[in-house]
Protein chains: 2
Amino acid sequence: MSEEIARPDLTGQRVGFIGLGLMGKPMARALARAGAELVVTSRSPGPVAELAADGMIAATGPAAVAGQAGTIVLMLTDTVAVETVADALLPVLRPGHLVIDMGTTAVAASRALAERAAAAGAEWLDAPVSGGTVAAEAATLTIMAGGTDAAFARALPPLQAMGRRITHVGASGAGQIAKSANQVIVALTIGAVAEALALARAAGADPARVRDAIRGGFAESRILDLHGGRMVSGDFTPGGRVTTQVKDLRQAEELAQQSGIELPTLGLSLELFEMLVDQGDGALDHSALYRLFAR
Amino acid sequence: MSEEIARPDLTGQRVGFIGLGLMGKPMARALARAGAELVVTSRSPGPVAELAADGMIAATGPAAVAGQAGTIVLMLTDTVAVETVADALLPVLRPGHLVIDMGTTAVAASRALAERAAAAGAEWLDAPVSGGTVAAEAATLTIMAGGTDAAFARALPPLQAMGRRITHVGASGAGQIAKSANQVIVALTIGAVAEALALARAAGADPARVRDAIRGGFAESRILDLHGGRMVSGDFTPGGRVTTQVKDLRQAEELAQQSGIELPTLGLSLELFEMLVDQGDGALDHSALYRLFAR
């Protein structure tokens with residue numbers, strides 16, 4: 001299925017972009033395609049030079065980005081990286097600055113950073129994404145946003161340049177909560193498909209034909225399609241790595257604990273993915289969970 | 001999406017049908033709509049009388065059905081019911097008889113019944129279904145078949161009168177294996193969605209908006225759509241009952257044990273659904289698993 005996506009026109013808008021990794025680089029390019037003038041920086045100089053060669057403005061660091069752009073997108077590895085950048089960014093934030101954190105950051109940290117930004121008169125929107133590098137390159141990311149109505153309204157045009165399904169979930173942290181819920185469903189559904197196909201195989205049926213047979217019924221999911229396909233083909237080239245899944249599940253479990261809720265299957269799923277790391281499969285796609293059961 | 005379904009013409013074919021419950025009755029009607037002449041029997045006389053009033057032939061029991069029809073469909077509650085009917089049926093089966101068991105029957109029992117039918121020169125196809133009463137009434141069942149190529153080829157026209165997606169998974173028992181795999185995925189995906197939405201709620205977000213935000217991404221599934229919708233609305237009218245889910249998961253766990261495989265999440269899921277029965281929620285839709293976590 002293809003779908004026409006209404007893209008905004010960002011001509012004349014300056015957008016800062018911090019973090020030009022596998023996700024960040026294609027996202028910055030998508031903003032540029034929409035007409036924005038990009039001011040970019042990243043930990044490693046390679047992608048900065050590459051994007052500068054394409055006409056983007058290279059900045060020396062986070063504070064320099066904030067000096068040249070009112071809207072600043074963060075696409076960083078983890079909560080620690082976001083907090084490190086924030087320490088450089090927050091002292092120079094002024095009223096009118098909008099920071100859009102599109103990485104997967106802990107909910108409590110997101111809320112705290114939004115408060116610190118608000119104290120400087122600036123806005124902080126958490127807007128994590130789903131869809132991986134494929135969706136980043138096609139600018140079809142799913143984006144889940146948390147923050148004030150004003151921050152969301154202002155962020156919407158640049159977000160529309162990078163994503164397709166963009167939802168304002170609620171107040172600060174709500175985007176990160178949605179992302180955690182998303183990761184829990186993805187991990188546990190991979191587990192569901194892995195155990196089911198392993199059962200089929202152990203019981204003497206062909207897992208590929210079993211998968212064909214149940215497609216389109218109540219068992220149908222993106223995971224049965226994509227990750228189930230990897231399980232039956234045995235090709236566990238990532239995609240999403242097992243180690244990333246472990247990191248995301250740990251963050252979800254931390255959120256559960258902080259929220260006073262016990263989630264038994266989440267706990268078990270984390271243990272199983274950790275076993276996969278222990279047996280040396282951490283760099284494989286997370287669908288390799290199948291290998292724990294089907295041998 | 002709607003889809004044109006090519007229906008077979010069964011005019012002049014006699015089909016026996018044993019078991020006229022919530023599923024069986026609409027399935028028998030679908031066969032009649034395709035032109036088949038139905039010979040029906042069931043444990044309770046009500047539906048037999050009802051279908052006889054519509055022109056179907058009422059038989060006094062399984063053996064009487066076999067005396068009047070070469071192809072016999074079974075749609076019974078469980079393995080014990082199938083074995084009871086088989087005890088009446090097998091002594092009268094002759095070469096040329098084809099029995100199509102469309103209920104959810106244990107794999108080992110299915111294989112044994114197919115062997116006993118073969119000893120009488122008859123064919124036995126396991127062809128369990130997915131989709132529930134809605135799909136039975138629309139004749140859009142997903143059907144997973146196990147048996148010989150000859151049995152499947154002969155069963156295909158009547159199956160096409162009742163279903164949309166029909167797969168010959170493999171030898172006898174393979175249809176039941178696929179059904180078990182299907183049930184494992186359904187149950188565990190319900191668990192995934194339940195824990196994720198409960199996490200979202202406990203962490204302070206609106207589960208309905210979180211569900212909206214993650215639709216269409218990697219978390220997308222029929223379960224997030226249908227059962228996730230029931231969780232956010234709090235309407236747990238079945239649908240598929242918790243008690244049925246427990247029965248199906250016990251059967252899947254039995255199959256896993258017989259197949260020498262350990263499936264930890266399946267075991268945990270069974271425990272959680274059993275807890276739901278213990279707290280008095282057995283008659284609710286299986287999406288009520290959400291109530292274990294979100295209060």
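Sequence lines set the chain letters: A, B, ... in the order given, protein chains first and strands last, and positions in each chain run from 1.
Here A:Ile185 is the residue among A:Ile185, A:Ile166, A:Ile223 with the most heavy-atom pairs under 4.5 Å with chain B. Comparing A:Thr167, A:Leu188, A:Ile214, A:Leu263 by how many heavy-atom pairs each has under 4.5 Å with chain B, the most go to A:Leu263. Comparing A:Ala213, A:Gly131, A:Ala181, A:Ala205 by heavy-atom pairs within less than 4.5 Å of chain B, the highest count is held by A:Ala213. Each of B:Pro207, B:Ala294, B:Ala202 has some count of heavy-atom pairs under 4.5 Å with chain A, and the biggest count is that of B:Ala202. By number of non-hydrogen pairs under 4.5 angstrom with chain B, the leading residue of A:Ala192, A:Ser221, A:Ala174 is A:Ala192. When the candidates A:Glu195, A:His168, A:Glu262, A:Lys179 are compared by the number of heavy-atom contacts under 4.5 Å with chain B, A:Glu195 comes out ahead. In terms of heavy-atom pairs under 4.5 Å with chain A, the best-connected choice from B:Gly175, B:Ala198, B:Ala203 is B:Ala203. Ranking B:Gly217, B:Ala208, B:Ala256, B:Ala187 against chain A, the residue ahead of the rest is B:Gly217, based on heavy-atom pairs under 4.5 Å.
Although no hydrogens or angles enter the test, the distance criterion places a donor-acceptor pair under 3.5 Å between the side chain of A:Arg165 and the main chain of B:Arg215. Distance alone, capped at 3.5 Å, places no donor-acceptor pair between the A:Arg209 side chain and the B:Ala178 backbone.
Contact of B:Leu292 with chain A is not made at all, since no heavy-atom distance falls under 4.5 Å. Heavy atoms closer than 4.5 Å to chain B are found nowhere in A:Leu141, neither backbone nor side chain. Neither the backbone nor the side chain of B:Val107 has a heavy atom closer than 4.5 Å to any heavy atom of chain A. Looking at A:Ile261, the atoms closer than 4.5 Å to chain B (heavy atoms on both sides) all sit in the side chain, from C-beta outward. Heavy-atom distances place no part of B:Ala194 under 4.5 Å from chain A, backbone and side chain included. For A:Ala135, no part sits under 4.5 Å from any heavy atom of chain B, backbone or side chain.
The two residues A:Ile177 and B:Ala200 come nearest to each other via the heavy atoms CG2-CA, 3.5 Å. Of all non-hydrogen atoms in B:Phe218 and A:Ser130, the two that sit nearest each other are N-OG, 4.1 Å.
For the side chain to side chain contact (heavy atoms under 4.5 Å, CB included) with A:Val184, the lone residue among B:Leu197, B:Val193, B:Leu199 that qualifies is B:Leu199.
Within residues 142-150 of chain B, the residues approaching chain A closer than 4.5 Å by heavy atoms are, in numerical order, B:Thr142, B:Met144.
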Let's go through B:Leu272 and A:Thr265 carefully: what are the C-alpha distance in whole Å and the side-chain angles of both, what is the deciding distance for side chain to side chain contact (heavy atoms under 4.5 Å, CB included) to 0.1 Å, and is it a yes or a no? CA-CA 9 Å; B:Leu272 294 171; A:Thr265 319; 3.6 Å; yes

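In this structure, the side chains of A:Ser259 and B:Arg201 stay at 4.5 Å or more apart for every pair of heavy atoms.
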